[in-house]
Trainee: 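I have a structure I would like to understand better, so I am pasting it below and will then ask my questions one at a time.
Throughout, residue positions are numbered sequentially from 1 according to the sequence presented. Because the structure is predicted, anything quoted here is derived from the model rather than measured.
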Amino acid sequence: MANDKLWGGRFCVQTDNLTDDFNSSVRFDKRLYKQDIKGSVAHVKMLAKQGIISNDDALKIQDGLEKILLEIESGEFEFDIALEDVHMNIEKRLIELIGEAGKRLHSARSRNDQVALDTKMYTKEEILNIKNLLLELLEAILAKAKENIETIMPGFTHMQKAQPVTFAHHLCAYFEMFKRDISRLDDAHKRMNASPLGACALAGTTYNIDRYYTSELLGFDSPMLNSMDAVSDRDFVIETISCISFVMMHLSRFCEEIIMWCSKEYDFIELDDAYSTGSSIMPQKKNPDIAELVRGKCGRVYGDLMSILTVMKSLPLAYNKDMQEDKEPLFDSIDTVKMCLNIFTKMFLTSKVNKDNMYKSAKTGFLNATDVADYLVKKGLAFRDTHKIAGELVYYCIENSKCLEELSLDEFKKFCELFDEDIFEAISLKTCVEKRTSTGAPSPCAMGEVIETYEKYILEQKKE
Ligand code: ARG
């Protein structure tokens, strides 16, 4: 035989080993075996329903595919690089197992619609897995937030102490971010609800196929309506990695803060020993390696996104082999984000919050200076004037190594006659936080309301 490949008819010699090796994707696409088999079963049921193959052949094929599934799952199946990809490996084995009938499976189908289908089904499933991990993280954040509604800490802008907030408030900022990530994933998932199967190589087929039937069997809303688009679209891969990049970006910000918080300079939290590491030379060290690694892996996922965007740039219609390069970035970003979410949630949940240190830190740095200015506004002055008075007071405090609440009323009055005894109560950290009652602000009462809606949100999401 000149060339024993499934497509070998028009070839005169065997493929070079180097070509087989370079061309093949089975090393990484074998993880699509379940989707491949599921897609083939749907395809074959449709072929039989439409009278394109006999019921008898269809049953034999389904039987064979089931056997192959067992072989793969028990580790018996031997994937062969010379058979290029998961699709041809399975088809070749099917023919080995059931003979003639196996050769009929690929009627009215091409690997081009097959690979698009498998990748899309895999991506849809993984989006749900990522979403569940995000929900677990949200539950962890909420649990910690509830324990820290009154835990006062400094809030920062420009990395400089700004105004007092609570740890719950700070944590719930991340709740919002990850909640948006879930909605981005949901949104991408919705757009994946059209099936490419039946687009064949690029131009559909002359067989009387029923694409609505396969699309329904496989849990899609409808078939994709342009066969060329169906085989050349990888938007869903790009969107998924893009959504994952957002998750990683948010995780990296959270990790950065955790790394700072567990340095002695802050000492706001302590990570559990189980999620920390030591140094090979410095015996005293306890390092936040996990948080650093999650932060670092964000870069790797951005790389995956850049790589698929660049592969798809300027590709002409329809299928091009370049598109085989979609899978490694997709799989890598999915594996990475799942690993990161899993360990991050455990590390975060087991961390210890040093409430006293947070409070002590909030006491320095004039976090209540805005409240001094606001106090005078309430006495009738304009904010621009009170801002200046408060600034002068801060300067006076720096010169005299005091904080604002340590000044005497006489000292306050030197800067403005309108100061009264009630200034001390007005600028205590507790008041500063409790009075910030606007929607979305840190006061325990405003936070309480928000936390209630978060609880409902989690319940609803879990029902879905
Ligand atoms: N392994 C290929 C991929 O991942 C499958 C599609 C190949 N199609 C083709 N006509 N060569 O993209």
Trainee: How would you list, by chain and number, every residue that makes a side-chain hydrogen bond (donor to acceptor under 3.5 Å, both in side chains) with T453, sequence neighbours excluded?
Mentor: none
Trainee: Return the set of residues passing salt bridge (charged side-chain N to carboxylate O under 4.0 Å, His left out) with D422 (not counting sequence neighbours), or none when no residue passes.
Mentor: K379
Trainee: Any sub-3.5 Å donor-acceptor pair from D113's side-chain atoms to S110's backbone N or O?
Mentor: yes
Trainee: With sequence neighbours left out, what residues match D326 under salt bridge (charged side-chain N to carboxylate O under 4.0 Å, His left out)?
Mentor: R234
Trainee: For D371, is there an ion pair with R436 - N to carboxylate O distance below 4.0 angstrom?
Mentor: yes
Trainee: Who passes ring pair (Phe, Tyr, Trp, His ring centres under 6.0 Å) against F383, sequence neighbours left out?
Mentor: H387
Trainee: Name all residues meeting the salt bridge (charged side-chain N to carboxylate O under 4.0 Å, His left out) criterion together with D21; count only those two or more places apart in sequence or in a different chain, and write none if there are none.
Mentor: R27
Trainee: Going by ring pair (Phe, Tyr, Trp, His ring centres under 6.0 Å), name the pairs with one or both residues in residues 123-143, residues two or more places apart or in two chains.
Mentor: none
Trainee: Do N148 and K144 have side-chain atoms, one donor and one acceptor, less than 3.5 Å apart?
Mentor: no
Trainee: Who passes ring pair (Phe, Tyr, Trp, His ring centres under 6.0 Å) against Y174, sequence neighbours left out?
Mentor: F254
Trainee: Holding to ring pair (Phe, Tyr, Trp, His ring centres under 6.0 Å), I want the full list of residues that pass it with Y275, two or more places apart in sequence or in another chain.
Mentor: none
Trainee: Give a yes or no on whether the ring-centroid distance for F246 and F178 is below 6.0 angstrom.
Mentor: no
Trainee: Carefully, step by step, assess R191 and D187 under the rule salt bridge (Lys or Arg N to Asp or Glu O under 4.0 Å).
Mentor: CA-CA 7 Å; R191 257 187 303 284; D187 196 39; 3.2 Å; yes
Trainee: With Y122, which residues qualify under ring pair (Phe, Tyr, Trp, His ring centres under 6.0 Å), at least two apart?
Mentor: F331
Trainee: My understanding is that only residues two or more places apart in sequence, or in another chain, count here; which of them pass side-chain contact (heavy atoms from CB on, under 4.5 Å) with L6?
Mentor: M88, E91, K92, I95
Trainee: Show every ring pair (Phe, Tyr, Trp, His ring centres under 6.0 Å) that has at least one partner inside residues 433-464, sequence neighbours left out.
Mentor: F175-Y454
Trainee: Measure the spacing between SG of C445 and CD of E449 and express it to the nearest 0.5 Å.
Mentor: 6.5 Å
Trainee: Who passes salt bridge (charged side-chain N to carboxylate O under 4.0 Å, His left out) against K338, sequence neighbours left out?
Mentor: E126
